[in-house]
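Only one structure is covered here, and it is reproduced in the block below.
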Amino acid sequence: MSRLGQGGLIDRDQPLTFTFDGRPLAGFAGDTLASALIANDVRLVGRSFKYHRPRGLFTAGPEEPNGLVELGGGARRDPNSRATTAELHDGLVASSQNRWPSLGLDLLSVNSLLAPLFVSGFYYKTFMWPAAFWERLYEPLIRRAAGMGRASGLPDPDAYDKAHAFCDLLVIGGGPSGLAAALAAARAGARVILCDDDFRLGGRLLSDRQSVDGLPGPDWVARTQAELAAFPDVRILTRTQVFGAYDSGVFGAVERLADHLPVIPEGVPRQRLWKIVARRSVLAAGAVERPLVFGGNDKPGVMMASAVRTYLNRFAAAPGRRAAVLTTTDDGWRTALDLQAAGIETVAVIDARPEAPAPLVAAAQGGGAQVLLGAHITAVRGGQGVKGVTAAGRRFDIDLLAVSGGWNPQVALSAHHGGRPVWSEALSSFVPGVPPPGMSVAGAAAGRLTLAACLADGADAAGGALSELGFKAVRPRFRADDEPCGVTPLWRAPGGVGKAFVDLQHDVTAQDVEIAAQEGFVSVEHLKRYTTLGMATDQGKTSNVNGHALIAQLTGRSMSEAGTTLARPPHLPVALAAFAGMHRGAHFRPARPTPSHAWAEGLGATFVDAGQWRRAQWFARPGETDWLDTVRREVTAVRTRVGLCDVSTLGKIDIQGADAALFLDRIYCNTFSTLPVGKARYGLMLREDGLVLDDGTTARLGPNRFVMSTTTANAARVMQHLEYCHQVLWPTLDLRMASVTEQWAQIAVAGPLSRRLLQTLIGDAFDLSAAAFPYMGAAQFRLGAVTVRLFRLSFSGELAFELAVPASHGDALARALMTAGADLGVQPYGTEALGVMRIEKGHVGGGELNGQTTAGDLGLGRMMSAKKDYIGRDMAGRAGLTDPDRPSLVGLRPVKTEDRLRTGAHFLDLGAKAVAANDQGHLTSSAYSPTLGAWIGLGLLKRGLARVGEHIRAYDPVRGGDVEVEVCHPVFVDPEGERLHA
Amino acid sequence: MLELEPRSAFQGLLYPQGAGPGVSVREVRGFALASVLARKGADLTPRVREIYGADLPQGPGYAAGAVAFVGVGPGAWLALGEGPAALAGLEADLTDLAVVIDQSGGRGLLRLEGRGAADLLSAGIFLDLHAGAFPPGAAASTRLAHVSVDLWRTGPDSFEMLVPRSFAPAVAHWLSATATGLGVALKA
């Protein structure tokens with residue numbers, strides 16, 4: 001066990017058990033998976049991407065390139081999870097990935113022997129021919145060899161959630177700078193949101209032995225957190241990563257709510273996607289320590305020096321027993337001192353710089369370390385882990401090499417609006433360029449690397465932002481020390497044996513960068529794509545700057561000239577499910593039941609989606625096994641007796657005002673100003689380009705009052721169109737309108753007995769006789785406690801009415817109609833029967849109103865008024881739209897009556913070859929007509945009705961159909977309309 | 001005479017869940033609702049104040065009176081009254097000034113009350129519902145998880161929200177799932 005006997009921010013009273021590759025292990029509450037693995041002496045945690053080299057934990061944070069594991073099992077298996085951020089919980093199951101058959105013995109490590117094949121650009125060089133081999137051979141091969149975790153392949157069992165939040169100041173990062181910023185803002189009375197990716201606030205204060213205001217770091221953090229939490233308008237979100245800075249102060253963040261729980265309680269979301277709107281923001285994301293590039297720098301046991309301190313101080317876990325430190329910074333020396341303080345033998349501090357601060361040297365020597373200045377590591381020994389190093393000719397037997405190469409400010413979010421980071425020669429790092437509007441960058445993220453500076457900077461950044469917002473700024477001051485922070489960057493350590501890695505996750509070496517330079521890929525963007533540097537899931541957080549520095553050196557440019565790549569959101573991986581939230585499966589989008597849904601459900605209806613609406617498709621009776629039988633029965637009921645159907649989904653728009661009739665004349669291609677009060681008329685409206693937009697009936701309920709109906713599909717679009725026409729085209733017209741689609745439940749009562757049924761229902765409230773209420777009549781009257789509207793409209797071609805009541809009464813109306821019609825044999829019918837009857841009558845529907853047809857194409861050209869102007873009139877006159885060769889509406893019936901027609905079949909002349917050039921049009925609607933006892937169809941055929949009587953082919957290669965059909969008039973049933981006018 | 005029994009939009013859709021103080025979500029039934037759309041150039045303000053004692057909001061806002069008015073667009077309001085007949089005289093009262101269109105059957109009305117009501121709603125509504133930004137009397141025609149709703153605040157911790165009838169099941173599901181996720185109890 002490498003658990004230190006004391007210290008650390010772990011709860012030793014809460015032991016936890018977990019498994020890694022099936023092996024049971026123990027840890028404590030407060031551990032990460034990584035710290036628990038270290039406390040259990042697990043050094044080997046994964047195999048590398050290309051070469052399958054053994055890898056150990058390298059960092060202690062979200063930048064981790066090596067410690068990627070699969071968490072959980074079954075449908076919850078989460079690949080490529082960072083062990084360094086995974087919070088340990090009881091029963092956690094983790095497995096290493098990218099190894100076969102086992103982590104210790106990985107047969108694909110043979111890839112290392114093929115290393116010359118895997119140099120930068122190997123995709124392009126090795127697998128370039130033949131192209132067809134890519135998908136079938138190369139890509140699967142590469143994917144198997146070049147490892148990533150495996151997705152579960154199963155539906156995600158967890159719930160996801162979304163939320164919004166607004167604040168005056170968003171503080172990103174809960175380290176010293178972020179806490180100081182949040183405190184300053186909270187005390188000023190601002191609304192503050194503080195987000196931290198970690199499950200514990202504090203940042204480096206949890207990992208370093210430093211004090212603030214006389215309190216040890218963690219104690220000061222606890223006190224500050226308690227003060228913040230007491231403000232009503234401060235929201236602290238831990239386990240929350242801000243992944244993107246978007247326009248207008250909008251930020252995206254993901255909160256992990258359940259990944260740390262052994263069992264997710266029912267209904268608790270795994271993650272919540274936050275959309276945060278902040279008037280100002282402070283980016284206090286800290287900095288990531290920079291590795292050094294030298295031969296053998298990827299062996300397990302080589303670890304970032306700051307991570308060593310985190311494991312020691314925060315987790316009381318010793319990453320080794322005998323250690324050395326390789327550094328080019330003062331900060332590395334602190335790791336040596338912390339190792340010594342933790343009782344870990346520290347044999348050497350190897351500083352590439354010729355000098356180091358004397359107090360640090362003295363302290364390290366006092367702790368028993370040899371000090372080598374101006375020295376480099378020339379060899380790293382060990383196969384599956386570091387066994388020793390050679391530096392300045394001396395051999396050291398060690399199992400831990402702490403590496404310190406300086407710090408890279410976490411500038412990603414500052415660059416999300418395109419502000420390129422700029423190189424600071426003084427700090428030897430990229431610092432934020434122009435951040436997004438309203439954002440200031442504070443602390444280590446801005447290149448201020450000492451504790452006192454971070455605290456002051458955080459408070460100042462918040463104070464500045466709040467002054468801009470008009471708050472009386474409070475700038476708290478903190479007592480803390482500025483630790484030594486000198487650094488001399490070293491981009492490529494001289495000497496050394498073996499591969500020197502730049503990007504550990506993607507196995508990009510210093511040599512790969514050299515090859516890229518030789519081959520002309522010298523822009524950092526080209527370097528990235530040619531070598532895949534920084535393209536792994538860690539997004540190059542530990543590797544980009546080193547890689548860019550190498551290419552700068554190799555091409556004789558300064559860092560400023562070479563520049564760096566730009567981060568785009570999201571700069572950390574975000575589960576796609578978090579973006580979907582609860583909108584998936586049955587809740588992908590809201591489903592809209594009709595007013596009579598409960599009634600239809602009670603009758604065992606089968607429902608169908610019509611846009612968002614859910615409509616009754618048919619009402620099968622016991623014993624009916626084929627839906628065609630059900631539909632046949634429903635059609636027959638309407639044609640011989642009476643049926644009813646909920647048609648509430650049709651769009652309804654109430655239009656009123658002195659200019660309402662004039663408005664409708666301009667909207668529709670036919671005339672409405674001549675429509676008498678108490679009558680309805682079928683109308684056709686065109687788009688500005690002359691093609692048909694929508695159709696429907698509009699009734700005149702008063703001199704200045706109309707109610708329009710639209711198709712179900714176009715209800716919203718037509719409303720939008722009318723609003724546009726009124727507000728933009730003709731704002732001077734005196735009229736107002738409102739959608740009343742939701743307000744009215746409308747039920748069609750159709751069939752020869754429909755009048756008798758309705759009269760039974762409404763009694764003497766209204767006279768339904770043909771003389772009093774003829775075809776296309778419209779009326780509004782009181783029925784009991786409610787106002788109802790009655791229209792004598794027919795989609796089925798039978799004597800029919802549509803009765804509308806407030807939607808709250810729609811369910812009751814359906815039930816009342818069924819009761820009133822029981823003696824008449826009334827039956828409910830669904831959208832299928834409705835569709836069959838409209839095809840029998842040759843009414844156009846969705847297949848024909850397809851956005852590509854003109855009024856003429858639909859056989860409705862005579863509706864286009866020549867006496868007035870209307871939308872689409874001019875453009876409808878274009879030669880292309882009036883070409884007599886255009887496909888136009890016809891009816892079709894199979895020559896052999898037993899043949900089935902299928903919508904989508906294309907028309908060909910008999911004997912013509914089935915090629916696109918011979919295409920004559922297509923079948924837009926088809927149905928089995930119980931009335932005719934055969935399949936019938938509507939279609940758009942070149943020269944249309946001029947070809948009535950002709951025989952053609954309905955050719956359907958997709959479903960193997962090839963049927964000889966006769967072109968006929970599109971009205972199959974009651975062409976004279978006698979039933980309609982009964 | 002035929003009497004049809006009304007069915008409220010959220011009938012059978014709201015259930016209490018969870019423990020603790022939480023948010024109470026109740027459906028208001030039997031209200032009267034109408035679109036009030038000013039005719040060209042008409043000013044309704046004096047007449048509405050005189051007859052209904054409400055200061056007609058100019059812009060998004062909610063004003064209580066014998067009838068409550070919610071501003072939902074330029075020259076457009078929703079009039080809301082308690083009881084099915086509450087707006088019986090509205091059309092006649094305003095006929096020269098406004099077009100009045102009955103909407104009583106087309107919406108469900110929810111009343112949400114409790115300390116967590118604003119947080120619960122803002123999970124689905126991309127608006128700042130902090131009392132400082134959205135005080136009592138504030139109103140918005142907005143979206144809640146892809147559903148168009150009209151929302152207004154009636155008190156420090158109370159809101160009312162109109163939901164199109166056909167979207168009531170989707171909103172009820174959203175409320176239930178979101179409250180569970182936030183750990184907020186729902187009281188029906």
Side-chain angles (χ1 to χ4, degrees), chain A residues 159 161-166 191 233 257 266-269 272 275 277 581-583 587 589-595 598 612-613 654 656-659 705 732-738 740-745 761-763 765 783-787 805-813 816 820, chain B residues 1-9 11-12 17 29-30 33-35 37-41 74-76 84-85 98-107 119 122-130 132-133 145-147 164-171 173-174 176-183:
Chain A
D161 201 6
K162 290 187 191 186
H164 307 105
F166 293 76
R191 294 167 63 191
D233 281 337
L257 295 158
E266 179 66 29
V268 167
R272 176 174 294 135
K275 205 151 123 187
V277 181
M582 70 175 63
H583 299 290
H587 302 287
R589 59 179 180 180
R592 307 173 69 185
T594 65
Q612 288 181 295
W613 288 104
D654 199 318
Q656 299 187 45
D659 292 327
R705 179 163 201 182
T732 57
L733 291 191
D734 181 6
L735 70 122
R736 297 300 305 253
M737 63 189 123
V740 288
T741 306
E742 290 277 358
Q743 164 65 14
W744 293 96
L761 182 84
I762 65 179
L783 189 60
V786 295
T787 298
V805 296
S808 44
H809 297 74
D811 191 78
L813 175 64
Chain B
M1 177 53 76
L2 178 72
E3 285 300 342
L4 299 173
E5 197 62 33
R7 184 184 173 91
S8 74
Q11 192 171 316
Q17 63 179 44
R29 298 186 182 185
L33 180 75
S35 295
L37 306 165
R39 293 187 191 275
K40 201 176 151 189
V99 167
V100 175
I101 298 172
D102 186 21
Q103 302 280 12
S104 309
R107 315 280 175 97
D119 276 351
S122 62
I125 294 176
F126 191 34
L127 282 178
D128 190 354
L129 298 182
H130 187 271
H146 306 296
V147 178
R165 166 175 289 268
S166 68
F167 288 99
V171 168
H173 169 261
W174 178 88
S176 167
T178 303
T180 306
L182 292 171

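Naming convention: chains lettered A, B, ... in sequence-line order (proteins, then strands); numbering from 1 in each chain. Quick caveat, the model's predicted, so the values are computed rather than measured.
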So, the part of Ala85(B) with a heavy atom under 4.5 Å from chain A: the answer is neither
Side chains of Arg7(B) and Ser808(A), heavy atoms from C-beta outward: is any pair under 4.5 Å?
no
Under 4.5 Å to a heavy atom of chain B? For Ala745(A) that would be neither
When the 4.5 angstrom heavy-atom criterion is applied to Thr741(A) and chain B, the contacting part is neither
Under 4.5 Å to a heavy atom of chain A? For Leu129(B) that would be neither
So, the part of Asp659(A) with a heavy atom under 4.5 Å from chain B: the answer is neither
Interatomic distance, CD@Gln743(A) vs CZ@Arg107(B), rounded to 0.5 Å, equals 9.0 Å
Note: vs chain B, highest number of non-hydrogen pairs under 4.5 angstrom among Pro806(A), Gly267(A), Ala165(A) is Gly267(A)
Honestly, the part of His587(A) sitting under 4.5 Å from a heavy atom of chain B is side chain
*asked:* If you define the side chain from C-beta out and look only at heavy atoms, does anything of His173(B) sit under 4.5 Å from Pro590(A)?
replied: no
Answer key: most heavy-atom pairs under 4.5 Å with chain A among Thr180(B), Leu182(B), Asp128(B) is Asp128(B)
- prompt: Does a side-chain heavy-atom distance below 4.5 Å link Leu37(B) with Gln656(A)?
  reply: no
So, the part of Asp119(B) with a heavy atom under 4.5 Å from chain A: the answer is side chain
Chain B shares the most heavy-atom pairs under 4.5 Å, among Lys162(A), Arg272(A), Glu266(A), with Arg272(A)
If one checks every heavy atom of Trp613(A) against chain B at 4.5 Å, the contacting part turns out to be side chain
Chain A shares the most heavy-atom pairs under 4.5 Å, among Val99(B), Val147(B), Leu33(B), with Val99(B)
Bottom line for Ile125(B): the part with an atom under 4.5 Å from chain A's heavy atoms is backbone
Per-residue tally against chain A (heavy atom, under 4.5 Å) across Ser35(B), Gly41(B), Gly124(B), Gly12(B) peaks at Gly124(B)
Bottom line for Asp811(A): the part with an atom under 4.5 Å from chain B's heavy atoms is side chain
Looking only at Leu761(A), Val786(A), Val268(A), Leu257(A), most heavy-atom pairs under 4.5 Å shared with chain B are made by Leu761(A)
Less than 4.5 Å apart, side chain to side chain, heavy atoms only: is that true for Asp102(B) and Thr787(A)?
no
All heavy atoms of Ser166(B) vs all of Pro593(A), minimum pair found to be O-CD, 3.1 Å
Max heavy-atom pairs within cutoff under 4.5 Å with chain B, candidates Lys275(A), Arg191(A), Met582(A), goes to Arg191(A)
Could you tell me how the ring of His583(A) sits relative to the ring of His146(B): parallel (under 30°), tilted (30 to 60°) or perpendicular (over 60°)? perpendicular
CG of Leu783(A) to CD of Glu3(B), rounded to nearest 0.5 Å, is 8.0 Å
Scanning both residues in full, the closest heavy-atom pair of Gln103(B) with Ala738(A) reads NE2-CB, 4.0 Å
In this structure, NZ of Lys40(B) is separated from CG of Leu733(A) (nearest 0.5 Å) by 7.5 Å
Bottom line for Ala816(A): the part with an atom under 4.5 Å from chain B's heavy atoms is side chain
If one checks every heavy atom of Pro74(B) against chain A at 4.5 Å, the contacting part turns out to be backbone
CD (Gln612(A)) and CZ (Phe167(B)) are apart, to the nearest 0.5 Å, by 4.5 Å
For Arg165(B) and Ala807(A), the nearest pair of non-hydrogen atoms, with its separation, is CD-CB, 3.5 Å
When the 4.5 angstrom heavy-atom criterion is applied to Thr178(B) and chain A, the contacting part is both
Between His809(A) and Pro6(B), the two heavy atoms sitting closest are NE2-CB, 3.5 Å
Chain A shares the most heavy-atom pairs under 4.5 Å, among Ala123(B), Ala170(B), Pro164(B), Ala145(B), with Ala123(B)
Okay, Asp734(A) and chain B: the region with an atom under 4.5 Å from a heavy atom over there is both
